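What follows is a set of notes on a single structure, which appears directly below.
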Amino acid sequence: MTATEVAHVGAIGDSKDRWEAIPCHPLGVKPSGNALVATSNLRDAVGTLNALPDELILMCLEFLDAASLLRLGRTCKALYAFTRSEDLWKTFLVGESRQKLVWRGTWRATFLNLSPSQIPTIDCSALFSDALHRPFYCAHIALEPYVTGIPSHNRIPRLEDLSAEEFQEKWTDRPFILTGPVKEWPVYRQWSTDKLLDNYSSTVFRAEAVDWPLNTYVDYMKNNADESPLYLFDRSFVSKMDLKVGQPSVIPDAAYWPPPCFGEDLFAVLKSDRPDSRWLIVGPERSGSTFHKDPNATSAWNAVIRGSKYWIMFPSSSPPPGVYVSVDQSEVTSPLSIAEWLLGFHAEARRTPGCIEGVCGEGEVLHVPSGWWHLVVNLEPSIAITQNFVPRAHLSAALDFLQNKADQVSGFRKNVHDPYSKFVEKMRQSHSELLEAALEELQKQKEGRKRKWNEIVHAPPDNGDPSGKTGEFSFGFGGDDSDIEVP
Ligand SMILES: O=C(O)CCC(=O)C(=O)O
Ligand SMILES: [Fe+2]
């Protein structure tokens, strides 16, 4: 059996009806199961290390510097394969600030500044390791089976446009895709990765933990085989690119403007003290965002300027399958990569009530309501702009978050010491009625939780009634995000 065939077998458990063509691992490494029928095994040469599972060997290697990794890799083929693990070299590169970096197709080649001809082809086809093969496999799974065949009841509604009144009345709690407004933007008509290079080639943008000039990032985009590609996510793009932003009736030379249907953004009252609110997002196919809720209970819109994105979303109260959340929602545990989640949980997610999915294409904009879980994967190289905002329907959610999840509040400058008080103060000055109504709503919610808590604590003990009823209380908190708090 070839490595390619074995990789196919790995996809059976996934119950997809299409075989996925996974190329051969660059060193020929095969999944672990192949060891059962192998006549020889390169791992036998690693000596005492043979007692350790592959994952532990990789963890030990994290303690070595580059020179030691290179020396160890020369001792035998198996350790050469282990020391080629891309995560090790990515850590080195992310940790250093090299002035001039030339992307060379892999993190290792880039760190060592090696051209392809300087990288030997070493046959490791008698090495059987899921830990080494899996990231490669995940980097090559076909996305198509996951993003097509969306059941009709799961589909994100698509609308040409909405009025601000319609949004406020019916849509603030529902994801939707707008097909109209973004197509008017100058950046929609003008931007492509090549066009951006013409103007911003040496402009430095943030991509996760690194700051790279755009030309380096575009080289990376065009030539990488990462399971979770580095994602350009820059919150300062407007000033870096010297863009004007605002409704064209006010700013005639604006590069883009928020689709008017989303209406007001109440965080705007904070002026320069508002938390980060807009990002330029650029990434290759397969890059994207693993499941999360947006910061500070904000809503968001995400406009695709080039490419397309698959979105899968769940309402606030139902964490997606495979995502485990601590009681206060401060800790989220899920498989590390988007591909691992798709392989392991997508089928179940699609069957789960509340799941909603869709593809947001070029020139379209998607609405993420406050509190919704979402995972996003780029189906092609993409450029997008996203903006987070607080519509009046979610003012109480934002206030509640700032007040009661202060440890999870993010995106404020360091000089804003008490975002909740600051927001309340500014809202009181400009939108006092809205503020009072939202605070009242929060108070009612709090009293409701207190009542339920008392019902639980004071419910009479099981009275032997065969119906199992122990009192009036029934376990169903209804509504949205109902974290039970001990009053
Ligand atoms: O385009 C994407 O990857 C989604 C971005 C996103 O969810 C966010 O900015 O919060
Ligand atoms: Fe998000």
Side-chain angles (χ1 to χ4, degrees), residues 143 146-147 156 173-178 182 187-188 191 193 205-208 217 221 226-238 256 258-259 262 265 267 274-316 319-320 323 325 329 332 334 336-339 341-342 356-391 394 397-398 401 408-411:
L143 297 175
Y146 301 98
V147 308
I156 298 177
D173 278 314
R174 297 176 63 189
F176 57 84
I177 291 172
L178 294 181
V182 167
V187 294
Y188 173 71
W191 279 7
T193 36
F205 290 95
R206 174 128 282 226
E208 299 176 25
Y217 185 75
M221 261 178 96
D226 285 349
E227 175 183 0
S228 302
L230 191 72
Y231 209 15
L232 189 155
F233 228 96
D234 194 294
R235 63 180 185 193
S236 308
F237 72 102
V238 169
Y256 79 90
F262 296 115
D265 168 11
F267 267 167
R274 69 168 304 150
D276 298 330
S277 64
R278 53 195 182 194
W279 288 265
L280 172 70
I281 306 175
V282 185
E285 181 187 347
R286 294 169 192 282
S287 60
S289 308
T290 52
F291 269 112
H292 66 281
K293 288 181 175 186
D294 274 7
N296 308 322
T298 51
S299 298
W301 52 259
N302 182 301
V304 176
I305 292 168
R306 292 282 86 84
S308 59
K309 291 173 187 279
Y310 168 74
W311 290 74
I312 181 162
M313 310 174 78
F314 284 81
S316 174
V323 175
V325 186
Q329 304 211 3
V332 177
S334 70
L336 289 180
S337 73
I338 291 172
W341 187 86
L342 291 173
I356 181 160
E357 334 163 42
V359 173
C360 189
E362 206 156 274
E364 299 181 339
V365 56
L366 182 137
H367 169 237
V368 189
S370 164
W372 276 64
W373 293 98
H374 49 286
L375 172 146
V376 188
V377 58
N378 289 306
L379 305 178
E380 308 158 63
S382 296
I383 304 175
I385 291 175
T386 187
Q387 203 157 306
N388 286 60
F389 64 103
V390 180
H394 293 303
F401 197 97
Q408 296 170 49
V409 166
S410 62

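Excluded from the calculations below are hydrogen atoms, water molecules and symmetry mates; all remaining heavy atoms, backbone and side chain alike, are included. Read the numbers this way: they start at 1 and go in the same order the structure lists the ligands and their atoms. All residue numbers in this chain count up from 1 along the given sequence. The shown structure was predicted, so the numbers you read here are calculated from the model rather than taken from an experiment.
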Which residue owns the protein heavy atom closest to [atom], what's the atom, and how far is it?
atom                    : answer
atom 2 (C) of ligand 1  : Y231 OH, 3.4 Å
atom 1 (O) of ligand 1  : K309 NZ, 2.7 Å
atom 10 (O) of ligand 1 : D294 OD1, 2.8 Å
atom 9 (O) of ligand 1  : F233 CZ, 3.3 Å

> Passes side chain to side chain contact (heavy atoms under 4.5 Å, CB included), V368 versus W311? Steps please.
Replying inline: CA-CA 10 Å; V368 189; W311 290 74; 3.6 Å; yes
> Can you check whether H292 has an N/O within less than 3.5 Å of an N/O in ligand 1?
Replying inline: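 N/O-N/O distance below 3.5 Å exists for this pair.
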> Between H374 and ligand 1, is there a nitrogen or oxygen pair with a distance under 3.5 Å?
Replying inline: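 N/O-N/O distance below 3.5 Å exists for this pair.
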>> Is the terminal nitrogen or CZ of R306 (NZ for Lys, CZ for Arg) located under 6.0 angstrom from the six-membered ring centre of Y188 and within 45° of that ring's axis?
In response: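 Yes, cation above the ring, under 6.0 Å and within 45°.
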>> Evaluate N302 against H367 for side-chain hydrogen bond (donor to acceptor under 3.5 Å, both in side chains), listing each step before the verdict.
In response: CA-CA 7 Å; N302 182 301; H367 169 237; over 6 Å; no
>> Measuring only between side-chain heavy atoms, which start at C-beta, is K309 closer than 4.5 Å to L379?
In response: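 Side chain of K309 against side chain of L379, heavy atoms only: no contact under 4.5 Å found.
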>> A side-chain contact here means heavy atoms from C-beta on lying under 4.5 Å apart; do Y217 and F205 qualify?
In response: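 SC-SC contact between Y217 and F205 ruled out.
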> For ligand 1, which part of N302 has a heavy atom less than 4.0 Å away: the side chain, the backbone, both, or neither?
Replying inline: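 The side chain, only.
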> Would you call the rings of F237 and Y256 parallel, tilted or perpendicular, where under 30° means parallel and over 60° means perpendicular?
Replying inline: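 Because their plane-to-plane angle is under 30°, the rings of F237 and Y256 count as parallel.
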> Using 30° and 60° as the class limits, which term best fits the ring planes of F176 and F262: parallel, tilted or perpendicular?
Replying inline: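 Because their plane-to-plane angle is under 30°, the rings of F176 and F262 count as parallel.
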>> Between D265 and R274, does any NZ, NE, NH1 or NH2 come within less than 4.0 Å of an OD or OE carboxylate oxygen?
In response: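 The answer is yes: the pair qualifies as a salt bridge.
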>> List ligand 1 atoms under 4.0 Å from I281, heavy atoms only on the residue side.
In response: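 In order of numbering, the contacting atoms are 1 (O), 5 (C).
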>> Taking 4.0 angstrom as the limit and counting only heavy atoms of T386, give me the atoms of ligand 1 inside it, by number and element.
In response: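 So the atoms of ligand 1 that pass are 9 (O).
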> So which of the N, O or S atoms of D294 lies nearest the Fe ion (ligand 2)?
Replying inline: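 So the atom name we want here is OD1.
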> Which value, rounded to 10°, describes the NE2(H374)-the Fe ion (ligand 2)-NE2(H292) angle?
Replying inline: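 Answer comes to 90°, rounded to 10°.
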